[in-house]
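The structure displayed is predicted, hence computed values, not measured ones.
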Amino acid sequence: MTSADVSEQVPSYDIPFGDKPIHVPELPPLNPELYWLSPEEAEFFKAAIGIDDDDELKAHILSVQEKTWKIAPYGCVYVFGFLRMAVVHRQEYQEIIKIGRERENAIFLDIGCCLSTESRRVAADGWPAHNIVASDLKQGFLDLSHAFFRSSKETYPGHFIAGDVLDPEMLAIVPPARGPVSAPLPDLSSLTSLNPLHGHCSVINASAFFSCFTEEQQLHVARALAGLLSPVPGSLITGGHPGATVKGNYPHGCLNIKYDVFCHSPESWTELWDGTVFAKGEVKVTTHLKEVPMLGNTIPLLEWSVTRL
C-alpha cells in the first residue's frame, strides 16, 4: 500500500469495538477548531517532522488527520488524540526511557498505536528505534505514520505489525514468562505477528486501548500482553483509558453515536493483574483515577502500570 492508496480509500463506517462494531451512518465533517498543541508538543512535532512554522505545521497535521479519518474514523482521530503522547506524562516514563537506554536489546511495544506518535516520542527521548515495535489493526497506519513524520523505512527503523490482538494467529495467550526465556530474540524486521515476542518485551504501552473491548475481552487482552512481557524485574506494561469508581458498563458518546464502555475501577484493575493474570505478588500494580476534559465535559481516566517484581 502506498501513501496515495491511503488517501483514495473509501471510509469504513463500521468501527471495531467490543463484540459488536459501532456503525456510523454518516461521518461528520472534521472540525479544525479542535486542533491545539501544548508548547511541549509543538516543540516535539516541529523537530520530528521538520516544520518550524506554526501555520505550516497545522496545515500538515490537518492533512494527515483527513487521510487518517478516511481509513479509521475513530473518535481519537476526530479530537486529535493522536497528538497527545499520554505516556510522557505518566510517573513511570523516566524509568521507561532508562530501560531503553540501559537494558541490552530492550523491546518497546506500542499496542493500539494509531500513527505511532508515542513510540516516535520514546525513540526521540533515547529508546533505540530499531528495538521499537508498533501495532494496530490497519496496515494503512504505517503509511500514514511515515506521511505524518515525513519519514521512510530507511530514515526511521522502527517496526509496524498490523493485526487483531484477539486473533491467536496475531497474538496467542501463553503463561507469563518465568525465569530465562529460552526462545531467542526474533529478527524484528521479519515479524508478521506478535507471537515471536513472547517473553521479550521490556515495556508495553497500551494508551487508550483497553476501552475498545468488553470485560471478557479485556481479560483476554491482559493475558495476551502478559505473555509478551519480559520476566526481568522492572519490565512493565503501562496505559490509560476510561475508568470508574465502581466497575461496570458506562454510557459514552462520540460523533453523535451512543455506546457503552466497560470501565474497571482501580481496585478491580489491580485484582485483574495481581492474582488473575499474574500470580499474586508477581507484579506491582499502580493506578490513578482522575478527571480529564473531553469535548466540553470530563471523563474519569484510569492511568496504570503493571511492573514485574
Side-chain angles (χ1 to χ4, degrees), residues 1 87 95-143 145-146 149 151-207 209 220-239 277-278 282-283 305-308:
M1 180 185 293
V87 66
E95 181 60 29
I96 289 172
I97 297 304
K98 182 179 179 181
I99 290 172
R101 289 174 173 169
E102 299 181 1
R103 186 183 296 185
E104 184 178 5
N105 294 321
I107 294 175
F108 180 92
L109 172 63
D110 190 10
I111 193 78
C113 66
C114 192
L115 299 186
S116 307
T117 304
E118 291 188 293
S119 51
R120 296 280 188 146
R121 174 61 186 266
V122 167
D125 286 344
W127 197 297
H130 65 271
N131 282 336
I132 292 176
V133 178
S135 182
D136 213 311
L137 270 174
K138 296 178 178 288
Q139 181 65 29
F141 282 127
L142 172 61
D143 301 290
S145 180
H146 282 312
F149 288 96
S151 61
S152 66
K153 292 181 180 180
E154 290 69 37
T155 61
Y156 178 74
H159 311 278
F160 182 90
I161 309 298
D164 184 351
V165 295
L166 297 176
D167 179 358
E169 293 296 318
M170 173 64 171
L171 180 55
I173 292 177
V174 301
R178 298 178 175 93
V181 177
S182 59
L185 189 71
D187 176 5
L188 300 186
S189 65
S190 66
L191 290 178
T192 57
S193 79
L194 298 177
N195 285 323
L197 296 178
H198 282 137
H200 288 299
C201 293
S202 295
V203 174
I204 301 172
N205 180 47
S207 293
F209 182 62
H220 176 104
V221 172
R223 291 187 186 279
L225 294 184
L228 294 173
L229 193 63
S230 166
V232 176
S235 302
L236 64 92
I237 308 173
T238 178
V277 172
F278 289 96
E282 205 169 28
V283 293
S305 65
V306 178
T307 306
R308 292 294 300 254

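Expressed to the nearest 0.5 Å, how far CD of E95 lies from CG of L236 amounts to 7.5 Å. Of the inter-residue distances, the one linking N105 atom CG with S230 atom OG reads 11.0 Å to the nearest 0.5 angstrom. For the atom pair CZ (R120) and SG (C113), the distance works out to 10.0 Å, reported to the nearest 0.5 Å. The CE atom of M170 sits 8.5 Å away from atom CG of L137, with the distance rounded to the nearest 0.5 Å. Rounded to the nearest 0.5 angstrom, I107 CD1 and I204 CD1 are separated by 10.0 Å. The OG atom of S145 sits 8.0 Å away from atom CZ of F160, with the distance rounded to the nearest 0.5 Å.
One N or O on the side chain of W127 and one on the backbone of A106 form a donor-acceptor pair closer than 3.5 Å. Under a 3.5 Å cut-off, the side chain of R308 and the backbone N or O of S202 do not form any donor-acceptor pair. When atom types are taken as modelled, the side chain of H200 and the backbone of L229 share no donor-acceptor pair closer than 3.5 angstrom. One N or O on the side chain of S135 and one on the backbone of I161 form a donor-acceptor pair closer than 3.5 Å. Using a distance-only test at 3.5 Å, with no hydrogens or angles considered, a donor-acceptor pair links the side chain of N195 to the main chain of A172. Put simply, the side chain of D136 gets close to the backbone of C114: a donor and an acceptor are under 3.5 Å apart.
Considering all non-hydrogen atoms of both residues, Q139 and A162 come closest at OE1-CB, 3.5 Å. Closest of all the heavy-atom pairs between L142 and K153 is CD2-CE, 4.3 Å. Looking at every heavy atom in both residues, A129 comes nearest to A123 through CB-CB, 4.2 Å. The two atoms that bring P186 and P196 nearest to each other are CG-O, 3.5 Å, heavy atoms only. For S119 against A134, the heavy-atom pair with the smallest separation is OG-CB, 4.1 Å. Scanning both residues, D187 and S189, for their nearest heavy atoms gives OD1-OG, 2.7 Å.
By the 4.5 Å heavy-atom criterion applied to side chains, L171 and L228 are counted as neighbours. For the pair S151 and H146, the minimum side-chain heavy-atom distance is below 4.5 Å. Counting heavy atoms from C-beta outward, R103 and V232 have side chains that approach closer than 4.5 Å. Contact annotation: the side chain of L115 approaches that of F141 to within less than 4.5 Å [non-hydrogen atoms, C-beta and beyond]. At least one side-chain heavy atom of L197 sits under 4.5 Å from a side-chain heavy atom of L188. The side-chain heavy atoms of F108 and I96, taken from C-beta on, include a pair separated by under 4.5 Å.
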Would you mind writing out the side-chain donor-acceptor pairs for residues 174-183 within the sub-3.5 Å range, not counting sequence neighbours?
unit_1	atom_1	unit_2	atom_2	d
R178	NE	E282	OE2	2.5
R178	NH1	P176	O	3.3
R178	NH2	E282	OE1	3.1

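Scanning for side chain to side chain contact (heavy atoms under 4.5 Å, CB included) contacts around T192 gives an empty result, with sequence neighbours left out. Shown here are the side chain to side chain donor-acceptor pair (under 3.5 Å) partners of T117, two or more places apart in sequence or in another chain: there are none.
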Practice problem: Determine, step by step, whether L194 and I111 satisfy the side-chain contact (heavy atoms from CB on, under 4.5 Å) criterion, reporting the C-alpha distance in whole Å, the side-chain angles of both residues, the deciding distance to 0.1 Å, and the verdict. | Solution: CA-CA 10 Å; L194 298 177; I111 193 78; 3.8 Å; yes
